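Below you'll find the structure, written out as C-alpha cells, and then a few comments.
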2 protein chains.
Amino acid sequence: MEQFIEIFKALSDETRLRILNLLILSEESVCVCEIVDSLEQNQYNISKHLKLLKNVGLINESKDGRYKYFSLIKSEDLFITSLLQTISNISHQIITEDHKRLEKRFDIRVKKKCVVGVQNKHLLSRKN
Amino acid sequence: MEQFIEIFKALSDETRLRILNLLILSEESVCVCEIVDSLEQNQYNISKHLKLLKNVGLINESKDGRYKYFSLIKSEDLFITSLLQTISNISHQIITEDHKRLEKRFDIRVKKKCVVGVQNKHLLSRKN
DNA sequence: TGCTTGCTTGCGTTACTACGCATACAATAT
DNA sequence: ATATTGTATGCGTAGTAACGCAAGCAAGCA
C-alpha cells in the first residue's frame with residue numbers, strides 16, 4: 001500500500017500537479033529551466049519537486065550537456081495510466097497559463113532543444 | 001487547485017484508501033461499525049477519517065436510528081469519476097482481506113441493515 | 001585553469017496531520 | 001429517568017514535509 005500512498009502524496013502539492021500537467025500537455029521532455037519559467041517558481045524548489053516525482057516513479061530524467069530534461073513515465077500499469085488520465089482531467093486557469101508560458105519558452109528552442117537557462121531571473125526569490 | 005490538492009491529500013492515507021475501496025467494492029452504504037470491523041481499526045480513528053472523506057466530498061453520510069451509514073458519492077464530474085476508477089485499480093492483499101471481512105459482517109445484517117455494533121471490541125485499542 | 005551557468009542538496013523553521021486517550025453527544029433500551 | 005451503545009471530538013505528542021537560504025557539484029566557456 002505504501003507505494004500508492006507515496007504517489008498520492010506526490011500529487012498533494014500544487015507545484016507538482018502543475019509540473020505533471022505541464023508534462024502531460026507538452027507530450028515531450030521539458031528542461032528544468034523551462035519548467036521554472038513556465039511555473040514562475042524558484043529553481044531549487046522545482047528541483048526538489050522533480051526529485052520527488054522521479055522517486056515515486058511518475059517522471060523520467062535524461063541529461064543532455066548541461067541541461068536536464070524530464071518527461072512523464074510511459075507505463076502500462078493500469079493504476080498509473082488511469083491516474084495520469086485523472087490528472088489530465090484537472091482543469092484550472094493556472095494549468096492553462098503554465099502551458100501558455102511553456103509554449104512561449106518552446107519558441108526559444110533550437111532544433112527542439114533548450115538553449116538558454118532560466119529567463120525570469122527576477123522571480124527566483126519572489127515570495128508566493 | 002486547492003480542491004484537487006485536498007482530495008489527493010485525502011487519498012494519501014492507508015486507512016482512507018481502504019475505506020474508499022471498501023465502499024467501491026461493496027457498492028452500497030456501509031455502517032461505521034461495519035467499517036471498523038472490516039478494517040480492524042479503532043472506532044474513533046475511523047470516525048475521523050470518515051469525516052475527512054466526507055469533507056472533501058468523496059463520500060455521503062446517512063443516518064438510520066443509531067447507526068450511521070456511508071457511501072461513495074455519485075458524481076458525474078469527470079475528475080471524480082476518473083479518480084474513483086483509479087482507486088478501484090488499487091490491487092492489494094489488504095484490500096482483499098478488508099472486503100472479505102466486510103462480506104462476513106454483511107451476513108449478520110437483517111433486512112440489509114446493520115443490527116449490531118463493533119464486534120472486534122478487543123481490537124479497539126490495539127497498537128498497529 | 002579559472003569562471004560562469006545549470007542544477008542539486010543540506011539545514012533550520014514553520015505548518016500540518018495521524019494517532020491514542022479521554023470525553024462528549026445522541027439514540028435506544030431498561 | 002437512567003443506563004447502554006454507537007458515534008464524534010478536543011487535546012497533546014510525534015512525525016513529516018514545504019519553503020527560503022546558502023552552499024555544493026558538474027558541464028561548458030574564456
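Just so it is clear: chains get the letters A, B, ... in the order the sequence lines come, proteins before strands, and each one is counted from 1. Bear in mind that the values here come from a model prediction, so they are computed numbers and not experimental data.
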Q: Figure out the CD/C1' separation between A:Q41 and D:dC19, and round it to whole Å.
A: 10 Å
**Q.** Whole-Å gap separating P (C:dT8) and CG (A:N55)
**A.** 12 Å
Q: Specify the separation, in whole Å, of atom CG of A:L50 and atom P of C:dG6.
A: 16 Å
Q) Counting only distance, no hydrogens or angles, is the base of D:dG20 paired donor-acceptor with the side chain of A:K48 under 3.5 Å? A) yes
Q) From the list C:dG20, C:dG6, C:dT9, which nucleotide is the closest neighbour of the side chain of A:K51? A) C:dT9
Q.
Using whole Å, what does the distance between atom C1' of nucleotide C:dT30 and atom CZ of B:R66 come to?
A. 12 Å
Q | Nucleotide of C:dA22, D:dT7, D:dA27 approaching A:K63 most closely (side-chain heavy atoms) | A | D:dA27
Q | Side-chain heavy atoms of B:L11 within contact of A:F4, under 4.5 Å | A | no
Q: Look at the side-chain N and O atoms of A:H49 and state whether any lies under 4.0 Å from the OP1 or OP2 oxygen of D:dC19.
A: yes
(Q) If the condition is side chain to side chain contact (heavy atoms under 4.5 Å, CB included), which residues does B:E2 pass it with, not counting sequence neighbours? (A) B:I5, B:E6
Q. Got a sec? Which of residues 1-25 of chain B come in under 4.0 Å of DNA chain C, heavy atoms?
A. B:K9, B:D13, B:T15, B:R16
Q. With both distances under 3.5 angstrom, what nucleotide forms a Watson-Crick or G-U wobble pair with D:dA30?
A. C:dT1
Q | Any A:C114 side-chain heavy atom under 4.5 Å of A:R105 side chain | A | yes
Q. Is any NZ, NE, NH1 or NH2 atom of the basic residue among A:E34 and A:R109 found under 4.0 Å from an Asp or Glu carboxylate oxygen of the other?
A. yes
Q) So, do A:F8 and B:L17 sit near enough that their side-chain heavy atoms are less than 4.5 Å apart? A) yes
Q: Return the nearest nucleotide to the side chain of A:Y44; candidates are D:dA22, D:dT9, C:dT28.
A: D:dA22
(Q) Rounded to whole Å, how long is the line connecting atom CD1 of A:I46 with atom P of D:dC21? (A) 16 Å
**Q.** Pairing of B:K104 and B:D107 as salt bridge, 4.0 angstrom limit
**A.** no
Q: Check the distance between D:dT7's C1' and B:L53's CG and give it to me in whole angstrom.
A: 16 Å
Q. B:N45 has a side chain; which of D:dC19, C:dG20, C:dA27 sits nearest to it?
A. C:dG20
**Q.** A:F106 vs A:E28 side-chain heavy atoms within contact, under 4.5 Å
**A.** yes
Q) Atom NZ of B:K68 to atom P of C:dA27: distance rounded to whole Å? A) 9 Å
Q: Using atom OH of B:Y67 as one end and atom P of D:dA8 as the other, report the distance to the nearest whole Å.
A: 14 Å
Q) Taking the side chain of B:F70 as its heavy atoms from C-beta onward, which of C:dT8, D:dA8, D:dA18 lies nearest to it? A) D:dA8
